[in-house]
2 protein chains.
Amino acid sequence: MSEHSWIHELLQIDGTKEKFSEKQLKILEAAVEMFAEKGYAATSTSEIAKKAGVAEGTIFRHYKTKKDLLLAIVTPTLFKSVAPFLAKEFVREVFDNEYETYEQFLRTLLSNRYAFVKKYLPAIRILWQEVAFHSEIKQCFRHVFTEHVYPKFARIVRHFQEKGELAELPVDSVIRLTITSFAGFLATRFLFLPEHHWDDEAEMERTIRVLMNGLRR
Amino acid sequence: MSEHSWIHELLQIDGTKEKFSEKQLKILEAAVEMFAEKGYAATSTSEIAKKAGVAEGTIFRHYKTKKDLLLAIVTPTLFKSVAPFLAKEFVREVFDNEYETYEQFLRTLLSNRYAFVKKYLPAIRILWQEVAFHSEIKQCFRHVFTEHVYPKFARIVRHFQEKGELAELPVDSVIRLTITSFAGFLATRFLFLPEHHWDDEAEMERTIRVLMNGLRR
DNA sequence: ACTATTAGTGAGTGATTACTCACTAATATA
DNA sequence: TATATTAGTGAGTAATCACTCACTAATAGT
């Protein structure tokens, strides 16, 4: 029972201990599975109700509209996707010499995000797919990125440029190259070729090495 | 008139001079625009007919089902996406020392694919989105990649590894890093942050330089 | 034990869906 | 000119859509 414990975890976005009824969790579980598989627009509320083992009306008791149900899944996923950058200690950890090099920082970041994607893959798939079609999600993403991720990332890059580890490339380009390297690996690993034989540790090491050789002064 | 000339070009997949009626092109044009904007599942055939200025029945005269209409757009896009690797001369050009270095080869490939994405962006967007949900498309992609793209790409990589330009990383990893570097740039440039101020030439140069510094022996 | 609030139900709603079909208009072939 | 083939139409269809509502079941507060 409770195969869906990870969904419960995903939805605990802030400290507030939100409680979900058994049926509500069943709805969320079914919705995540079907949205990930067929897409939001191609999944009907009646299908979700059927798979969740509840009446269709129960869905609308908890979520006013079908889109509200989507947002209940996607919004927490979006925040957790950039969680390291939302944590208060994050930047301080970098500047307090907890990471002596950008490479070390990258290594921690990648293995952290690797674990995240592995754990929450279906929800991430939904976010990835639906962000293209729903302006609310896109705007939320934009806001979180420009307000929280970008400025902190930029400080970190500048820090290691001043230390002389990183070449004097434009900060935006360093950030872009870093994110696309990581996202490229994770997307290939989990989305495009999940059944390929992967030596995850080795491939992550190569990804970081190639990236660092490129970015190094 | 004929804002949609690029669609006509896109659909000329092989030598066969397929001819499309004016109304058929209008249908394709409308479908591309709406599929790209709202997604396949969220777009109705009645909307497409309305935007194309034709009766709904006309769509089904040319395409048996809505999915056939999607495939009529997506299949040529898929083939054109990997067009360089489908061309007969392609590998020969590399081995006949038309490209003395992998870097030079990459530069040509990237500017080539950049122009392609720029020209056919809406169709590529549809392919990108819908490949996740339609197994026919996924299988077609897989087939084209494993039969045509991968083996040629692998030969090229091995060639420049033997020449001593590239480090002795696993060939698969070199290909993956190359493709994700390029796809990462193009996706960021055209999909995620299209309205960002881009110096395309400079960013492509940086992308190649960072990648090559990473891959070099 | 009484009451108020919330959780859950499932038949029912009007709107919309992909698709059909009998028909006309246009074009090609003879 | 007669005929066959294709292109285009739009009203019609059964199925499905997201969502409502009047109702019952369960839980919580007093």
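Within every chain, numbering begins at 1; the chains are lettered A, B, ... in the order of the sequence lines, protein sequences first and strands thereafter. Excluded from the calculations below are hydrogen atoms, water molecules and symmetry mates; all remaining heavy atoms, backbone and side chain alike, are included.
Regarding Lys23(A), its NZ atom lies at a distance of 12 Å from the C1' atom of dA26(D), rounded to whole Å. Atom OH of Tyr40(B) is separated from atom P of dT17(C) by 13 Å (rounded to the nearest Å). Atom pair Asp68(A):CG and dC19(D):C1' shows a separation of 13 Å (rounding to whole Å applied). Nucleotide dT17(C) holds its P atom 15 Å from the CG atom of Leu69(B), rounded to whole Å. Atoms NZ (Lys66(A)) and P (dT20(D)) sit 15 Å apart, rounded to a whole Å. One can place CD of Glu22(A) at 16 Å from P of dA26(D), the figure rounded to the nearest angstrom. The CZ atom of Phe60(B) sits 7 Å away from the P atom of dT20(C) (whole-angstrom rounding). Counting to the nearest Å, the C1' atom of dT6(C) and the CZ atom of Phe20(A) are 16 Å from each other.
Candidate nucleotides dC19(D), dT9(D), dT9(C) were compared by shortest atom distance to the side chain of Val54(B), and dT9(D) ranks first. If you check dG8(D), dC17(D), dG8(C) against the side chain of Thr58(B), the one that comes closest is dG8(D). For Arg61(A), counting side-chain heavy atoms from C-beta on, the closest listed nucleotide (dG8(D), dA18(C), dA22(D)) is dA22(D).
Taking the six-membered ring where tryptophan is involved, the planes of Phe90(A) and Phe85(A) are perpendicular, since the angle between them exceeds 60° and thus also 30°. Taking the six-membered ring for Trp and thresholds of 30 and 60 degrees, Tyr114(A) and Phe190(A) have ring planes inclined between 30 and 60 degrees apart.
Looking at Lys66(B), its side chain does come within 3.5 Å of a backbone N or O of Tyr40(B) through a donor-acceptor pair. In this structure a side-chain-to-backbone donor-acceptor pair under 3.5 Å is missing from Thr75(A) to Ala72(A).
Within the structure, a side-chain polar atom (N or O) of His62(A) is placed less than 4.0 Å from OP1 or OP2 of dG8(C). For the pair Thr45(A) and dC17(D), the criterion of a side-chain N or O lying under 4.0 Å from OP1 or OP2 is not met. Between Thr65(A) and dA18(D) there is no side-chain N or O to OP1 or OP2 distance below 4.0 Å.
Here Ser44(B) lies in heavy-atom contact (under 4.0 Å) with sugar-phosphate atoms only. Residue contacts for Glu56(B): at a heavy-atom cut-off of 4.0 Å it reaches a base atom on one of the strands shown. Backbone-only contact: Ser21(A) has heavy atoms under 4.0 Å from sugar-phosphate atoms and none from a base.
A salt bridge is absent between Glu89(A) and Arg92(A); no separation between the charged side-chain nitrogens and carboxylate oxygens falls under 4.0 Å.
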